[in-house]
Amino acid sequence: MPVSKPPLTLYLAAPRGFCAGVDRAIKIVEIALEKWGPPVYVRHEIVHNKYVVDGLRAKGAVFVEELDACPDDRPVIFSAHGVPKAVPAEAARREMIYVDATCPLVSKVHIEAARHYENGLQMVMIGHAGHPETLGTMGQLPDGEVILVETVEDVTHIEPRDPGKLAFITQTTLSVDDTAGIVAALQSRFPAIVGPHKEDICYATTNRQAAVKAMAPRADAMLVIGAPNSSNSKRLVEVGRSAGCQYAQLVQRASDIDWRALEGIGSIGITAGASAPEDLVNEVIEAFRDRFDVTVEQVETAVENVEFKVPRVLRVPA
Ligand code: SF4
């Protein structure tokens with residue numbers, strides 16, 4: 001007699017997984033490999049996902065942390081998170097072929113920061129210290145021009161040059177709710193502070209968090225497929241917990257799932273960070289099907305149709 005599997009409702013968040021910026025960055029590396037042949041160098045993980053990085057490495061991409069590790073005569077690609085201005089300047093000085101895979105929504109924040117700087121405003125950046133996007137955005141302006149704040153508490157300690165001449169920008173992958181609290185603290189302490197016309201937190205981050213908020217209260221447990229260094233994936237775990245799902249965990253793939261912790265559940269919520277491919281979502285769903293009698297229900301809060309073109313240099317033949 002076959003043993004019957006316990007029933008499980010599997011809520012699948014939509015949107016989830018790849019955003020337009022990640023999709024474009026991966027295409028840039030793939031097209032560069034076709035156009036120039038391997039090896040093509042990539043400064044920093046093109047997107048924060050080991051599975052994606054390993055796949056590109058197998059095709060001939062070489063991942064390095066700094067430009068110093070790249071030879072002058074091979075193309076180099078800058079990651080989706082953006083780079084300090086000094087990096088493309090150095091590549092140009094060395095007469096290297098370089099392609100910037102910075103997401104256009106990160107570039108938009110760079111342009112905003114430069115515009116405020118030209119208008120004589122000092123910048124406050126809301127972001128995570130050490131994250132490549134924060135380093136890249138802060139590196140658009142001279143040292144000391146951008147003050148980083150990570151928490152509401154940080155806002156009470158900063159000492160800008162002139163409190164009447166300030167503007168703020170944010171990392172694109174922050175928690176929408178936490179950021180609103182930090183912005184409110186900035187506006188209360190510095191009433192003249194200038195903000196972005198429209199949110200710096202990108203559509204993909206906002207939509208993935210909204211879908212988790214709708215899904216998490218219904219699910220006994222929740223898994224976010226994503227990398228431990230992926231900011232937007234980590235935020236999805238936090239959003240899930242604060243939306244009422246006690247057990248919300250980050251997993252890179254099915255082999256990371258702690259099945260003991262999931263014993264006795266009747267429902268599970270699944271989502272994926274913006275740099276996690278759908279293959280890994282399917283792998284996780286299959287792992288649940290092996291153990292449970294699964295009914296999939298999609299929790300859809302938005303439909304996305306954003307697409308970014310690859311840079312012109314990759315749209316013309318070599
Ligand atoms: S998460 Fe947002 S900002 Fe980052 S690559 Fe994706 S679309 Fe661009």
Side-chain angles (χ1 to χ4, degrees), residues 13-31 42-53 56 63 77-84 99-113 125-128 130-140 168-179 196-213 224-239 250 271-278 280-281 301-311 314:
R16 64 176 174 277
F18 275 10
C19 60
V22 161
D23 194 50
R24 171 179 180 268
I26 295 168
K27 271 191 201 138
I28 287 176
V29 180
E30 287 173 342
I31 300 172
V42 183
R43 184 188 175 278
H44 196 75
E45 287 188 336
I46 185 76
V47 300
H48 282 158
N49 192 279
K50 186 178 175 319
Y51 180 86
V52 171
V53 167
L56 293 171
F63 292 88
I77 294 165
F78 305 141
S79 84
H81 309 97
V83 284
V99 186
D100 190 353
T102 303
C103 174
L105 300 181
V106 174
S107 300
K108 188 185 98 184
V109 181
H110 291 181
I111 293 165
E112 225 172 271
M125 174 161 193
I126 307 172
H128 296 293
H131 188 279
E133 183 184 329
T134 304
L135 297 173
T137 302
M138 292 178 74
Q140 299 305 304
F168 75 86
I169 47 174
T170 81
Q171 200 177 318
T172 56
T173 51
L174 300 179
S175 150
V176 173
D177 295 338
D178 293 353
T179 306
H197 289 305
K198 206 180 156 285
E199 276 285 349
D200 289 333
I201 297 176
C202 75
Y203 81 95
T205 299
T206 308
N207 288 347
R208 278 150 194 69
Q209 289 178 17
V212 163
K213 272 191 194 170
V224 176
I225 301 160
N229 56 347
S230 158
S231 172
N232 79 85
S233 303
K234 289 192 284 187
R235 301 295 83 77
L236 292 175
V237 173
E238 294 165 4
V239 169
L250 188 68
T271 188
S275 42
E278 191 66 7
L280 295 180
V281 175
T301 50
V303 176
E304 292 178 347
N305 50 16
V306 181
E307 214 177 304
F308 297 130
K309 278 189 187 156
V310 298
L314 296 177

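Remember, it's 1-based here, ligands and their atoms both numbered in the order they're listed. Positions are given from 1 along the sequence.
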- Message: List ligand 1 atoms under 4.0 Å from Thr172, heavy atoms only on the residue side.
- Response: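 It comes down to these atoms of ligand 1: 3 (S), 4 (Fe).
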- Message: If the cut-off is 4.0 Å to any non-hydrogen atom of Cys19, which atoms of ligand 1 fall inside it?
- Response: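 Contacts of ligand 1 toward Cys19, numbered from 1: 1 (S), 5 (S), 6 (Fe), 7 (S).
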- Item | Neighbour count >12 (heavy atoms, 6.0 Å) for atom NZ, Lys108 |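 More than 12 within 6.0 Å, yes.
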- Message: If the cut-off is 2.8 Å, does any N/O/S atom of Cys202 fall short of it from atom 2 (Fe) of ligand 1?
- Response: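 Checking atom 2 (Fe) of ligand 1 against Cys202, an N, O or S atom does fall under 2.8 Å.
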- Query: Does a side chain donor of either Ser175 or Glu238 reach within less than 3.5 Å of an acceptor in the other side chain?
  - Reply: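 Per modelled atom types, Ser175 and Glu238 side chains form no pair under 3.5 Å.
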- Is Glu112 reaching over with its side chain to a backbone N or O of Ile169, donor-acceptor style, under 3.5 angstrom?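 It does not hold such a pair.
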- Should one rank Cys103, Gly273, Ala274 by closest heavy-atom distance to atom 5 (S) of ligand 1, which comes out on top?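 It is Cys103 that holds the nearest heavy atom.
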- Could you give me the CA-CA distance, side-chain angles and deciding distance for Glu304 and Arg208, then say whether salt bridge (charged side-chain N to carboxylate O under 4.0 Å, His left out) is met? CA-CA 11 Å; Glu304 292 178 347; Arg208 278 150 194 69; 2.8 Å; yes
